[in-house]
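Taking it in order: structure first as structure tokens, then the write-up.
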Amino acid sequence: VLEPTLFSKIIAGEIPASFVAKGEGWVAFLDINPRAEGHTLVVPVEEAQHLQNLSSQSRAAVGEGVAEVTRRLCAHFGVEDCTIVTHDGPAAGQEIPHVHVHVIPRSEADGGHSILAMFPDTPSPGSIEPDFAALAALAAELSD
């Protein structure tokens, strides 16, 4: 039997957390290393490392949790926008092997960046012509 993840221990009440919301199949608590004030993690009760391995019910529950947390953060901080990010596995930057979604309230000039900052060596959007043939070929492969 595998050791429960840090997040499962938080959900079980074995480790303290600052919960901001809970729902059927999900919980949300403040990140202890926030990128911005209000940075919240939405975590399914079901333990899985990758989103694709969660049950459809848990995936839906996490979506509901993200929507609720976003609503609360925007209302509290008086903003309209949030960065919503999932690092789906270790190569994608996931540090705890339990699906979780980061919800970070955003405002103009808050110092945060977009997904472009994760890939600084790629051309900036609009700087090169898209390779529509290559995109169509990949889309065909993925849709089979």
Side-chain angles (χ1 to χ4, degrees), residues 2-11 15-144:
L2 294 175
E3 174 80 11
T5 67
L6 174 68
F7 293 157
S8 288
K9 291 177 181 179
I10 288 172
I11 292 165
I15 295 174
S18 299
F19 289 93
V20 299
K22 295 180 182 180
E24 185 68 35
W26 63 273
V27 300
F29 48 87
L30 295 172
D31 192 305
I32 61 170
N33 296 300
R35 303 296 96 192
E37 187 179 16
H39 180 170
T40 300
L41 303 178
V42 179
V43 181
V45 172
E46 180 184 352
E47 191 174 300
Q49 183 168 30
H50 294 94
L51 194 61
Q52 66 188 0
N53 295 332
L54 285 175
S55 66
S56 59
Q57 294 86 358
S58 287
R59 286 193 304 270
V62 167
E64 290 298 321
V66 168
E68 176 60 20
V69 166
T70 300
R71 184 192 66 73
R72 289 180 187 213
L73 290 174
C74 288
H76 180 81
F77 290 104
V79 299
E80 295 181 9
D81 304 320
C82 287
T83 292
I84 299 170
V85 176
T86 301
H87 302 290
D88 200 36
Q94 184 186 57
E95 295 178 351
I96 306 296
H98 190 140
V99 171
H100 55 288
V101 180
H102 299 259
V103 183
I104 305 168
R106 298 296 303 270
S107 61
E108 293 289 330
D110 63 10
H113 299 285
S114 72
I115 191 171
L116 300 176
M118 290 186 213
F119 301 94
D121 297 332
T122 58
S124 59
S127 67
I128 60 170
E129 283 297 314
D131 184 344
F132 290 111
L135 293 170
L138 179 57
E141 292 172 17
L142 292 171
S143 64
D144 286 342

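Applying the salt bridge (Lys or Arg N to Asp or Glu O under 4.0 Å) criterion to K9, with sequence neighbours excluded, gives E3. For F19, the ring-ring contact (aromatic ring centres under 6.0 Å, His included) test picks out F29, with sequence neighbours left out. With sequence neighbours left out, the side-chain contact (heavy atoms from CB on, under 4.5 Å) criterion links I32 to no other residue. Judged as a side chain to side chain donor-acceptor pair (under 3.5 Å), and not counting sequence neighbours, the contacts of Q49 are Q94. Shown here are the side-chain contact (heavy atoms from CB on, under 4.5 Å) partners of L51, two or more places apart in sequence or in another chain: L54, R59, D88, V99. For the side-chain contact (heavy atoms from CB on, under 4.5 Å) test, residues two or more places apart in sequence or in another chain that qualify with L138 are E141, L142.
Of all non-hydrogen atoms in W26 and A61, the two that sit nearest each other are CD1-O, 3.3 Å. Across all their heavy atoms, A28 and T40 have their closest contact at CB-CG2, 3.9 Å. Looking at every heavy atom in both residues, P105 comes nearest to L73 through CD-CD1, 3.9 Å.
Judged as a side chain to side chain donor-acceptor pair (under 3.5 Å), the pairs with a partner in residues 101-113 (not counting sequence neighbours) are, in order, H39-H102, T83-R106, R106-D110. Pairs passing the ring-ring contact (aromatic ring centres under 6.0 Å, His included) check and including a residue from residues 44-79, sequence neighbours excluded, do not occur. A side chain to side chain donor-acceptor pair (under 3.5 Å) check over residues 64-73, counting only residues at least two apart or in different chains, returns the pairs E68-R71, E68-R72. Residue pairs satisfying the side chain to side chain donor-acceptor pair (under 3.5 Å) criterion with at least one member in residues 116-138, sequence neighbours excluded, are absent. Within the structure, no pair that satisfies the salt bridge (charged side-chain N to carboxylate O under 4.0 Å, His left out) test touches residues 38-47, not counting sequence neighbours. Pairs passing the salt bridge (charged side-chain N to carboxylate O under 4.0 Å, His left out) check and including a residue from residues 29-39, sequence neighbours excluded, do not occur.
The OG atom of S8 sits 10.0 Å away from atom CD1 of I15, with the distance rounded to the nearest 0.5 Å.
Under the 4.5 Å side-chain criterion, counting only non-hydrogen atoms from C-beta, C82 is not in contact with I104.
Within a 6.0 Å sphere centred on CD1 of I115, heavy atoms belonging to other residues, nucleotides or ligands number 12 at most.
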